Amino acid sequence: MATKKLDAIIFGATGFTGKYTVLEAVSVLKGLQWGIAGRNQEKLQSVLREMGAKSKTDLSQTPIVIADVNNEASLLEMAKRCRIVVNTAGPYRFFGEKVVKACLEAGTHHVDVSGEPQYMETMQLRYNDLAKERGVYVISACGFDSIPADMGVTFLEKNFDGVVNSVENFVHMGVKGGTKGTGAAALNTGTWESAIHAIANRSESVAIRRKLFPERLPKFQPDLKARAPLSRAAEVDNKVILPFPETDRSVVMRSQRFLYEQEKKRPIQMQAYMTYPSWFAASVVVLFASVIGILAKFSFGRQLLIKYPGVFSGGMASREGPSEARMERSFFRMTMKGTGWPKSEQLAESTDQYSSPPTKTLTVRITGPNPGYGSTCVALLSTAKTILNENDKMPGTGGVLSPGAAFRGTSLITELEKHEHGIKFEIVANK
């Protein structure tokens, strides 16, 4: 007898991100039929026991599917058993493509939490046409920090009441009541390794983008200039800022390009920054980042970085990942300032150039708990649920898309706001 198709399968469920995705699935996927997949039956059972105890829910009847990235037939079997694969098995650079291929073959949707621009853009380059043809949505960057950033830009634009020229995003990461007694680790090594490979292969991005986007987007004025590193930003109580790693911007830019190409919408320019309490704190980050940047370029340097994560991240990354206490108390806050023109000054064509400087600003705030593994898992599952329930509100028949392009017309933001570890979007100041 054929087994009934599941709505969703969480693949890589025994990894750090996978485990916490199982925990959040208890509430986010309520009412849906979901299962978990990975290589090892015993480990998968133990995740169900551990997360069942944590959520005070009996998960012992949750379907288990054995699938291994090194066995393509097993991946295809898994993809055929569900409507969407929620893929938490990174680094996606090494393991992502095989799962995407299996999903395309099976006609199954795919979401993941990759923050690796090279992987995301390569998937779009190779499989966008096939995904449209197969009626499949393949969406990466469905966690922190891209969901709050990309959907934040969507939220800001929806509430702007005019035309947005540019957005500056200031990201603050904190731990309520300080980090005392919670351990220093904020990342597990899987997340750390993905970041190292993304840094090492940064130069690939240029070549991929040339193929993916042969035509350059038109230049819109005024041009949003990047702020100087280690300067202070009045928008966030004069905190010291550093440029935020590339992921967010590359994801937002893919969404903006999609909307320009599909709807001739004027693309929004964006810059993102991390905020730090003091010049000293920011300088320490610069120091670590420079060392990582240099070492990641060489194979032996990468081996060192991966072997001693604690040393090179100043204790931020560890094999065990962050402690429960640390996760429960950590949070993120994005302050996004949009600048543009009011509706009264709207031009005939959205792609026309303004002759007057922007006169209107809108600031929004996006906040959430435990960015690495709490709101990330809620965001990932919420995107999966949205694809299952609202694909009639999504563009075209499918495709390899960024979240802002895929979910702009859906109620994803409302879904994200519903959950305990969800993400809140609010308007702070409208001038």
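Values below: every heavy atom of this structure, side chains too, minus hydrogens, waters and symmetry copies. Everything numeric in this text was worked out from a predicted model, so none of it was measured.
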Determine, stepwise, if the pair His421 / Asn370 fulfils side-chain hydrogen bond (donor to acceptor under 3.5 Å, both in side chains).
CA-CA 8 Å; His421 293 143; Asn370 184 3; over 6 Å; no
Has the side chain of [X] got a donor or acceptor atom that lies under 3.5 Å from a matching backbone atom of [Y]?
{"X": "Ser74", "Y": "Val69", "answer": "no"}
{"X": "Ser146", "Y": "Cys142", "answer": "no"}
{"X": "Glu72", "Y": "Lys98", "answer": "no"}
{"X": "Tyr20", "Y": "Met51", "answer": "no"}
{"X": "Thr88", "Y": "Gly12", "answer": "yes"}
{"X": "Thr376", "Y": "Phe144", "answer": "yes"}
{"X": "Asp237", "Y": "Lys239", "answer": "no"}

Run the ring-centre check on His172 versus Tyr276 and record whether the distance is less than 6.0 Å.
no
Phe244 and Tyr273 aromatic centres sub-6.0 Å:
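Between Phe244 and Tyr273, the centre distance exceeds or equals 6.0 Å.
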How long is the span from the [atom1] atom in [X] to the [atom2] atom in [Y], to the nearest 0.5 Å?
{"X": "Ile387", "Y": "Tyr137", "atom1": "CD1", "atom2": "OH", "answer": "8.5 Å"}
{"X": "Leu217", "Y": "Thr351", "atom1": "CG", "atom2": "OG1", "answer": "12.0 Å"}
{"X": "Glu204", "Y": "Glu121", "atom1": "CD", "atom2": "CD", "answer": "11.0 Å"}
{"X": "Asp58", "Y": "Arg49", "atom1": "CG", "atom2": "CZ", "answer": "12.0 Å"}
{"X": "Met151", "Y": "Ile413", "atom1": "CE", "atom2": "CD1", "answer": "4.5 Å"}
{"X": "Phe220", "Y": "Tyr260", "atom1": "CZ", "atom2": "OH", "answer": "6.0 Å"}

Please name the residue in the list Thr14, Ile36, Ile10, Val47 that meets the side chain to side chain contact (heavy atoms under 4.5 Å, CB included) test with Lys19.
Val47
List the steps, then state whether side-chain hydrogen bond (donor to acceptor under 3.5 Å, both in side chains) holds for Asn165 with Thr339.
CA-CA 6 Å; Asn165 177 57; Thr339 308; over 6 Å; no
Between [Y] and [X], is there a side-chain heavy-atom distance shorter than 4.5 Å?
{"X": "His110", "Y": "Met123", "answer": "no"}
{"X": "Thr21", "Y": "Leu381", "answer": "yes"}
{"X": "Arg254", "Y": "Met120", "answer": "yes"}
{"X": "Tyr127", "Y": "Val100", "answer": "yes"}
{"X": "Tyr119", "Y": "Ser140", "answer": "yes"}
{"X": "Lys132", "Y": "Val400", "answer": "no"}
{"X": "Leu362", "Y": "Asn159", "answer": "yes"}
{"X": "Asp145", "Y": "Val171", "answer": "no"}

Under 30°, 30 to 60°, or over 60°: which ring-plane class applies to Tyr354 and Trp341, parallel, tilted or perpendicular?
parallel
Over all atoms of both residues, closest heavy-atom pair of Arg266 and Gln256
O-OE1, 4.1 Å
Step through the shown structure and confirm whether more than 12 heavy atoms of other residues, nucleotides or ligands are within 6.0 Å of CD on Glu420.
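Open: at most 12 neighbouring heavy atoms sit under 6.0 Å from CD of Glu420.
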Strictly below 4.0 Å, N to O, side chains only: are Glu97 and Arg126 in salt-bridge contact?
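Arg126 and Glu97: salt-bridged.
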Under 6.0 Å from the six-membered ring centre of Phe160 and within 45° of its axis: does the NZ or CZ of Lys360 meet both?
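Cation-pi check for Lys360 and Phe160: passes.
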Ser411 versus Glu390, side-chain donor and acceptor atoms under 3.5 Å:
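Yes - a donor-acceptor pair under 3.5 Å links their side chains.
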For a side chain to side chain contact (heavy atoms under 4.5 Å, CB included) check, start with the C-alpha distance between Ile366 and Met336, then their side-chain angles and the critical distance, and finish with the verdict.
CA-CA 8 Å; Ile366 302 126; Met336 266 192 192; 4.0 Å; yes
Among Lys337, Lys225, Arg227, Arg249, which one satisfies salt bridge (Lys or Arg N to Asp or Glu O under 4.0 Å) with Glu168?
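Testing Glu168 for a salt bridge (Lys or Arg N to Asp or Glu O under 4.0 Å) against Lys337, Lys225, Arg227, Arg249 leaves exactly one candidate, Arg227.
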